[in-house]
Amino acid sequence: MSQKPLILVTNDDGITAPGIRTLIEVMNTIGDVVVVAPDSPQSGMGHAITINSTLHIEKVTIDKGKQEEYSCSGTPADCVKLGVKQILERRPDLCVSGINHGSNSSINVIYSGTMSAAIEAGVEGIPAIGFSLCDYNWSANFEQCKTYIKTIAENVLKHGLDSGTVLNVNFPKLEKKELKGIKICRQAKANWEEEFDKRQNPNGKDYYWLTGKFVNLDNGEDTDEWALANGYVSVVPVQFDLTAHHSIQELNTWTFDEK
């Protein structure tokens, strides 16, 4: 009898978030599921890891699903590290992260705890996918994501992923009947025009709230932002080798004389 795939599930919104509960439900139809997720929200943590304090894991039961679950005091990347090194009895066949409450398209991938968890799995050589819905509402409807999540996960299990690559999957905020399908895309060139709202507390001490707006600088029709704006599920293969290979030849022409 063939062994079921072992699937590690995590997120950055916390183990009780509706998004991860939906993801767990779908993964339970594919394989044996172990959940290691933060015990509280960790959005925007990027690839932070815990090095100056202790980490705690607690086995928990959130619902009546067949999955095994652990809440972790650390970041999404911590959850993957602990899951792989301490909790799982064998290496997982797949790691999935999400479903995030909010977009992780374009430049958002840099700040995303959801995607950093998937990337951490990728660093370990584990095929990994991050899933996000472009709806920040805690009670967002994730129903329309289920069939797409299942087919993408099954394809990754069947075909694998290139070494050094994970998938960044984003869903537009649309009903299932409005979704046009899946688009394989590149990451759009975009940024955040950020501002800091300066205020004072009752003791007269200044404090700041980060604000800003997302600006898409890319007019291409092959990007994740275009796909999402036009009713498609965007799938971007993301590499975690940050080397700018195209610059190596130019840098080798420089003269680095000691002064």
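Please read these numbers as outputs of a predicted model, since none were measured by experiment. Each residue takes its place number in the sequence, starting with 1. Note: hydrogens, waters and symmetry copies are ignored here, and every other heavy atom, side chains too, is used.
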message: Within a 6.0 Å radius of atom NZ on K198, are there more than 12 heavy atoms belonging to other residues, nucleotides or ligands?
response: no
query: Any Lys/Arg nitrogen of R186 or D218 sitting under 4.0 Å from an Asp/Glu carboxylate oxygen of the other?
result: yes
message: Is it the case that the side chains of S105 and E225 hold a donor-acceptor pair, with the cut-off being a distance below 3.5 Å and no angle test?
response: yes
message: Is any side-chain heavy atom of I129 closer than 4.5 Å to one of I152?
response: yes
task: Could you tell me whether E120 and K81 make a salt bridge, using a distance below 4.0 angstrom between a side-chain N and a carboxylate O?
output: yes
message: Pairing donors with acceptors under 3.5 angstrom, does anything connect the side chains of Q187 and D224?
response: no
task: Show your working on ring pair (Phe, Tyr, Trp, His ring centres under 6.0 Å) between Y111 and H47 and close with a plain yes or no.
output: CA-CA 8 Å; Y111 309 106; H47 213 107; over 10 Å; no
- request: Report, as yes or no, whether the 6.0 Å neighbourhood of atom CD on Q200 holds more than 12 heavy atoms from other residues, nucleotides or ligands.
  value: yes
S112-N104 side chain donor-acceptor pair, cut-off 3.5 Å: yes
SB check R21 D63 (cutoff 4.0 Å): yes
task: Check whether more than 12 heavy atoms from other residues, nucleotides or ligands sit under 6.0 Å from atom CH2 of W209, and answer yes or no.
output: no
- request: For N137 and S139, test the side chains for any donor-to-acceptor distance below 3.5 angstrom and give the result as yes or no.
  value: yes
- prompt: With a 4.5 Å heavy-atom cut-off, do H159 and D162 have their side chains touching?
  reply: no
- request: Evaluate the criterion salt bridge (charged side-chain N to carboxylate O under 4.0 Å, His left out) for residue pair K146 and E25; output intermediate values, then yes/no.
  value: CA-CA 9 Å; K146 290 181 179 178; E25 179 186 342; 3.0 Å; yes
